[in-house]
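Encoded as structure tokens, the structure appears first; notes follow it.
Within every chain, numbering begins at 1; the chains are lettered A, B, ... in the order of the sequence lines, protein sequences first and strands thereafter.
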2 protein chains.
Amino acid sequence: MAEELNERSQNILEAIVEDYIASAEPVGSRAITKRHSFNLSPASVRNVMSDLEDMGFLCSPHTSAGRIPTEKGFHYYIDSLLKVRHLSKDEERKLLKSYRFQGMKMEDVMQEVGRVMSGLSNYTGLVMAPKFASTVFRQIEFIRLSHGRLLVIYVSETGLVQNKVIECPDDLSQRELEQINNYLNHELTGLNIHDVREKISSELKDERSRFDQLRRQALSLSSKALQEEADDLVYVSGTSLMLEQPEFSTPEKMKRIIQALESKKTLIDLLDRGQAAAGVQIFIGSQSQLTELEGCSLVTSTFSNQKGAIGTLGVIGPMRMSYSQVIPIVDFTAQMVSRILEREIE
Amino acid sequence: MAEELNERSQNILEAIVEDYIASAEPVGSRAITKRHSFNLSPASVRNVMSDLEDMGFLCSPHTSAGRIPTEKGFHYYIDSLLKVRHLSKDEERKLLKSYRFQGMKMEDVMQEVGRVMSGLSNYTGLVMAPKFASTVFRQIEFIRLSHGRLLVIYVSETGLVQNKVIECPDDLSQRELEQINNYLNHELTGLNIHDVREKISSELKDERSRFDQLRRQALSLSSKALQEEADDLVYVSGTSLMLEQPEFSTPEKMKRIIQALESKKTLIDLLDRGQAAAGVQIFIGSQSQLTELEGCSLVTSTFSNQKGAIGTLGVIGPMRMSYSQVIPIVDFTAQMVSRILEREIE
DNA sequence: CGTTAGCACTCTTCTTTGATGAGTGCTAAC
DNA sequence: GTTAGCACTCATCAAAGAAGAGTGCTAACG
């Protein structure tokens with residue numbers, strides 16, 4: 001990381017990475033001198049390339065091919081050479097226009113965001129809705145399904161709806177449930193889920209609860225309803241775009257990629273890591289530590305409202321993805337979704 | 001369809017179809033006499049095969065390959081030759097055990113059903129949840145999101161939860177909304193959505209509504225909430241299994257299939273057709289009229305409760321899928337899901 | 001001393017060629 | 001009606017050669 005390159009080496013590395021991003025093919029010394037005007041002969045470029053290879057920034061698939069950037073090469077490129085083009089106001093306006101969130105529920109917004117990101121970048125879009133645990137409680141409803149089976153619906157401040165089924169030994173009538181709903185909604189609205197849990201467990205210990213039948217029921221039900229994490233929601237858009245990439249053009253690689261994108265669990269783990277820090281994060285190649293996603297890179301960013309509902313969105317593509325294009329798209333989209341979440345609360 | 005084949009031709013056609021299903025490769029005259037004991041020489045079989053080809057049941061990819069069944073061949077096989085093996089009680093028990101629906105919400109049940117069908121058949125599983133319009137109303141909740149924006153949650157008798165966002169010019173307080181909720185839930189529970197719509201529109205015309213502010217609001221909101229169909233839910237499981245099929249082993253075909261399975265809309269159209277008739281339905285090859293799904297077959301069945309919530313599930317695979325295995329799986333699964341839906345209402 | 005032209009060398013890719021083998025269709029005999 | 005025999009077709013595979021791209025090294029140049 002601390003390794004220093006002189007300017008010429010940097011220029012050549014940059015040229016190689018960019019040519020490789022554009023062509024997906026090993027780039028040779030001759031091609032570089034042609035496409036970029038360094039006033040250097042291919043032979044000189046070759047010397048530099050040889051040095052860069054020794055330092056681990058490049059590698060050659062075989063003797064008589066050009067060089068391709070290694071993971072380290074991409075790293076260096078992204079950290080030191082890449083100039084991220086910000087979107088012009090005009091582009092932003094255009095982008096905003098392509099979204100139509102009017103009257104859309106949260107799930108649809110997430111899906112749509114993924115679709116548009118994918119469409120703009122021509123890579124696969126990923127969106128992970130805010131974890132329920134990170135949201136602020138808005139409303140809970142218990143609905144009787146059948147003897148001893150209750151449907152719980154909870155709604156977050158941002159309009160995210162989740163539901164689950166719980167078993168309940170007492171067969172409560174819908175009327176009783178309504179009272180419970182009222183009680184809970186009155187008590188809990190506006191707290192984040194963490195606080196809700198805490199409040200419930202402390203109240204359950206409270207002496208008074210012993211004597212108040214309704215309250216006890218309410219607390220025990222909601223405790224049950226919230227004790228297990230609901231599944232994370234992940235939206236994948238443009239899976240097939242991955243298959244258009246020349247690096248995944250063989251049947252085996254296609255299978256591997258599709259399997260990886262099929263496994264929501266893998267994706268959740270991956271996106272979770274994007275929440276570690278704010279702003280755009282980039283995971284290159286083996287950093288993801290998933291062999292299924294070998295050769296892939298992931299650009300993510302998080303979105304949230306002030307109250308902390310944190311979700312992640314991003315774009316996954318080949319390691320040689322067009323970072324200068326993708327980064328501003330992901331960045332802007334995340335900010336936009338955050339604004340939508342804010343608007344939702346108002 | 002009315003075409004008649006003598007017994008020998010039938011036997012040979014059956015043998016060819018089954019060998020082809022097993023091997024995915026053109027089957028030759030010699031191979032048949034070897035694997036099945038017809039007491040016929042390859043030459044005789046060849047004559048029959050030649051006839052079958054003339055009649056359009058078989059075709060040869062090229063002169064020196066064996067024959068493969070045409071779509072017509074598969075049709076004949078399925079309609080006249082296939083003996084569907086029913087599941088033994090023991091197998092049914094085993095199958096039932098592999099499902100764990102305890103405490104699962106409806107969405108999860110659907111997803112799980114798809115997964116298990118896919119796992120059992122080794123093909124791609126499809127499940128389409130009952131259309132909301134076919135369900136019976138259980139509960140509706142309006143929740144205020146922000147100025148003029150309401151979240152509507154509706155729950156069907158079977159525990160299916162859907163939500164959407166509607167715009168509402170009047171800024172109603174949560175308290176007013178609760179009254180509206182109460183009113184509507186009291187009035188509408190137990191009706192199917194069709195009746196609900198009718199009731200609302202007739203009441204809206206009713207003179208009395210003019211004077212009852214609350215009632216008018218309630219009706220107008222619910223009319224808005226129910227006027228547009230919510231999106232259909234489709235669950236696809238085991239996409240990558242499709243890529244294991246030798247007929248889709250080239251990159252181009254893989255792309256095509258993945259694109260087709262990615263498009264929920266295509267799948268919905270396809271599954272909708274399965275609702276035309278009860279019981280197991282089979283769509284072979286071009287019957288689906290989707291070029292993206294060329295070479296595929298679909299085996300579907302519908303599930304429902306007595307009140308009419310109708311959904312479709314099935315398995316999609318290559319035309320040469322193992323129908324004798326898949327049909328009982330799909331059939332039994334559909335029945336099982338129906339039972340679960342019944343239990344849900346109880 | 002950095003830079004460059006020249007050249008031999010390597011290795012992939014593409015095309016050609018020929019061998020192999022599976023399978024057919026026809027004919028003649030059973 | 002059935003079957004053995006045989007010529008013929010055509011895909012598949014492997015080997016071989018030609019073309020081309022790119023490198024690394026060396027020696028000369030400014």
In this structure, how many angstroms lie between the [atom2] atom of [N] and the [atom1] atom of [X], rounded?
X	N	atom1	atom2	answer
A:R35	D:dG22	CZ	C1'	14 Å
B:D54	C:dT24	CG	P	14 Å
A:M49	D:dG22	CE	C1'	9 Å
B:L58	C:dG23	CG	P	15 Å
A:R30	D:dA21	CZ	C1'	10 Å
B:I12	C:dT24	CD1	P	12 Å
A:L52	D:dG24	CG	P	12 Å
B:E25	C:dG23	CD	C1'	13 Å

Answer yes if the side chains of [X] and [Y] hold a donor-acceptor pair under 3.5 Å, and no otherwise.
X	Y	answer
B:Q281	B:S301	no
A:Q245	A:R320	yes
A:Y123	A:S322	no
A:Q10	A:S80	no

Measure from the side-chain heavy atoms of [X] and tell me the nearest of [options].
X	options	result
A:R8	C:dT3, D:dT3, D:dT23	C:dT3
A:A43	D:dT23, C:dG23, C:dT4	C:dT4
A:N47	C:dG23, D:dG24, C:dT4	C:dT4

message: For a quick check, tell me whether the side chain of B:R46 and the base of C:dG25 share a donor-acceptor pair closer than 3.5 Å.
response: yes
- request: Return no unless some side-chain N or O of B:S29 is found under 4.0 Å from OP1 or OP2 of C:dT24.
  value: yes
- prompt: Just to confirm, is there a sub-4.0 Å distance from OP1 or OP2 of D:dT3 to any side-chain nitrogen or oxygen of B:S44?
  reply: yes
- prompt: Watson-Crick or G-U wobble partner for C:dG25, using a 3.5 Å limit on both distances?
  reply: D:dC6
message: Checking base pairs now: Watson-Crick or wobble, both atom distances under 3.5 Å. What partners C:dC30?
response: D:dG1
- request: Would you indicate what B:T63 reaches in the nucleic acid, counting non-hydrogen atoms under 4.0 angstrom: base, sugar-phosphate, or nothing?
  value: sugar-phosphate
task: For the pair B:K253 and B:E247, find out whether any cationic side-chain nitrogen is under 4.0 Å from an anionic carboxylate oxygen.
output: no
